[in-house]
Amino acid sequence: MSKLHTVEDPTDWLNTSLSSFEPLEAALRCQVCKEFYDTPMITTCSHTFCSLCIRRCFNSDGKCPTCRASDQADKLRRNWVVQELVDTFKAARPAALKLAQAKAGTEDEETERAKRKRKLDQTDIEEDDIGETRRPRRTRRSRSAVDGISQEEPIEVDDSGDEDYDPEEGTTLCPICKSRMKVGLVYAHLDQCDGKPVNNNGAGRSRVQPSKPKEPPPSAARLPQFNYSLLKDNALKKKLQDLGIAAHGSRALLIRRHTEWVNLWNSNCDSTRPKTKRELLRELDTWERSQGAGASTVPSAVMRKDFDGQGWAASNKDQFEELIANARRNRTRKEAKVEKTGEKPSEAQTDSTPTQQPEPAPSIEALVRQDEISKPYEGNEEALSIVREKVEETNTHGRRLRSSGQPIPERPRDDEVPMRTDEGTSLDGGVEANPPISSQHQSPQFVPISPNVDMSRKAHMFRLPEDPIVDTDGGRSVS
Amino acid sequence: MANPASKRLFKEYRGLSSDPPEGITAGPVTEDDMFLWEALIQGPEGTPFEGGIFPAELKFPKDYPLAPPTMRFTCEMWHPNVYQNGTVCISILHPPGDDPNHYEHASERWSPIQSVEKILISVMSMLAEPNDESPANVDAARMWRERRKEYERIVRENVRKGLGL
């Protein structure tokens, strides 16, 4: 919010003693960019805009933004009066605003009047500092312009200029061309001073003359707009290179870049204070980043550091949940498939030892590994018999539990089960773990699709590894 | 802030925050991104929308103000000129170049001299006086024309819902 009030705005005048200045200032601002007119140009339909603004608008739809009359950029003419109004108003603004704000709080009209007089005297110096130095004649003329608009508040902000107005206060001479200018502007001026006197501080009207021959960069002639449809890609690229601007990107981008450059260049030609080509190139670069090639590579909001991840998660909860459910469903289906294929060779199924392995369905590689691990138990009859016992118990137990659900066909071949892995030795835990597994077994996630899958479903419950092991290994060892 | 679009949006934000029109509040969601705004519009008095506060979001294009923003109500809105998803369909939000409905006068359409303030004021008056020539929500438009009582009842219900009553 603090940033907000560093920007000058017509609404600054509201709640001051000069609230009628709000529409005045609004009238001195371009309707397109909302800034004070910069190089105001008048259209054939008599509407005024900044040179750059109206050129961009014409490029966009060829119509006046105010009345929508068709018009062309080359029919624009400078509007010097508006330029002068804006310049003088800008110069007078800070002091006037200060005065108006200071007065706003007090009530007593009489003391107010006296104060105002004093304040005026105090602000004179400041005002001259801020304002551009002008000859007295110009000051008087522009003052009357401001006066006429603000009749109900006859406060003359630069009234005392007549008494002690010093046009040279706060100014200095350029050591090269001996032009008089504000102290702060000398260094910028020195960069481009060519020794000839600058005429923007000259007598009233001379400033108005286009200063093109003296100030702007060498080739200050206005650029023509191309008929892009007649230009091949390479020719267009060549043109851009000749102009000294970037020539990369798609054809559409080249056209947009050239259009923007022509706008920047031509509006600079209109200006009484032209910028150097380097400054214009910098402006083109700004454009490039915000609307040209750079604009598309701006990372999405999600990538930003301060992105509100939780908020995003909350607002998209439904979608995320749907995606998760989908993923689960797919995985289950895949697992079922894997198990099914794994079972086929064995033809029979066993309710092997219950174990609860947290990892997902094993891959073929995992099966092979399990196979190797199980070998050490081959000769251990004692362990195997214990395992068989437990398996038997589990089977009956498990069936009982499942009785409410789908009946599981009995599979007698539990003698093959002993080919269990190391978990076989810790059967107690396995048996205990069985009931929850059975109940999980009935959860909708494992809804059987076919009898075949029903079997695989069982296999899933006791982890797949055993089945192929039983089959391949057992078969091998038996033979 | 360097590009003209965010500069101009910042200006508008500045103007709207120091001198807001009655019944309208609007501003960017964060000051770092001038291209997404939130707005609150009060239901105009003397209409079934009276008493309601209607939140909406405005999205601005990079070449604003040459092109208009889009506006979408983020609450439930039963209105002939508001699509089911909340998108507002009024002439000021349409660039003069394309006229999908062939009924709008060019003078009513978007132009760079329009502003967020003018859009929101137009939307407010749209709430009071729907334009059923080219409805975005055909059902709502028919109901508004033929069964005004029912239309008003639904609108009032939405107002109450929006207020959490």
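Residue numbers start from 1 in every chain, and the chains themselves are labelled A, B, ... in the order their sequence lines are given, proteins ahead of strands.
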Residue [X] versus chain B: region with a heavy atom under 4.5 Å:
X: Thr66(A); result: both
X: Cys33(A); result: backbone
X: Glu283(A); result: neither

Check: Who wins among Pro10(A), Ser60(A), Cys30(A) for the most heavy-atom pairs under 4.5 Å with chain B?
Finding: Ser60(A)
Next item on the list: May I have the step-by-step check of side chain to side chain contact (heavy atoms under 4.5 Å, CB included) for Asp19(B) and Glu22(A), ending in yes or no?
Entry: CA-CA 11 Å; Asp19(B) 182 25; Glu22(A) 196 244 359; 4.2 Å; yes
Margin query: Strictly distance-based, threshold 3.5 Å: is any side-chain N or O of Arg14(B) a donor or acceptor partner for the main-chain N or O of Val7(A)?
Written below: yes
Margin query: Would you say CD of Glu146(B) has more than 12 non-hydrogen atoms from neighbouring residues, nucleotides or ligands within 6.0 angstrom?
Written below: yes
Next item on the list: Evaluate whether atom NZ of Lys59(B) has more than 12 neighbouring non-hydrogen atoms of other residues, nucleotides or ligands under 6.0 angstrom away.
Entry: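 No, because the 6.0 Å sphere around NZ of Lys59(B) holds 12 heavy atoms or fewer from other groups.
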So, for [X] and [Y], which heavy atoms are closest and what is the spacing to 0.1 Å?
X: Asp9(A); Y: Lys11(B); value: OD1-O, 3.7 Å
X: Asn3(B); Y: Thr286(A); value: N-CG2, 4.2 Å
X: Cys57(A); Y: Pro112(B); value: SG-CG, 3.6 Å

Next item on the list: With the side chain counted from C-beta on, respond yes when Leu14(A) and Ser18(B) share a heavy-atom pair under 4.5 Å apart, and no when they do not.
Entry: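 Side-chain contact under 4.5 Å: no.
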Checklist line | Within-4.5 Å side-chain heavy-atom neighbours: Ser111(B) and Lys63(A) | finding: no
Check: Can you tell me how far the CG atom of Leu16(B) sits from the OG1 atom of Thr11(A), to the nearest 0.5 Å?
Finding: 9.5 Å
Item checked: Residues in residues 34-53 of chain A that sit under 4.5 Å from chain B, counting heavy atoms only ->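 Residues in range: Lys34(A), Glu35(A), Phe49(A).
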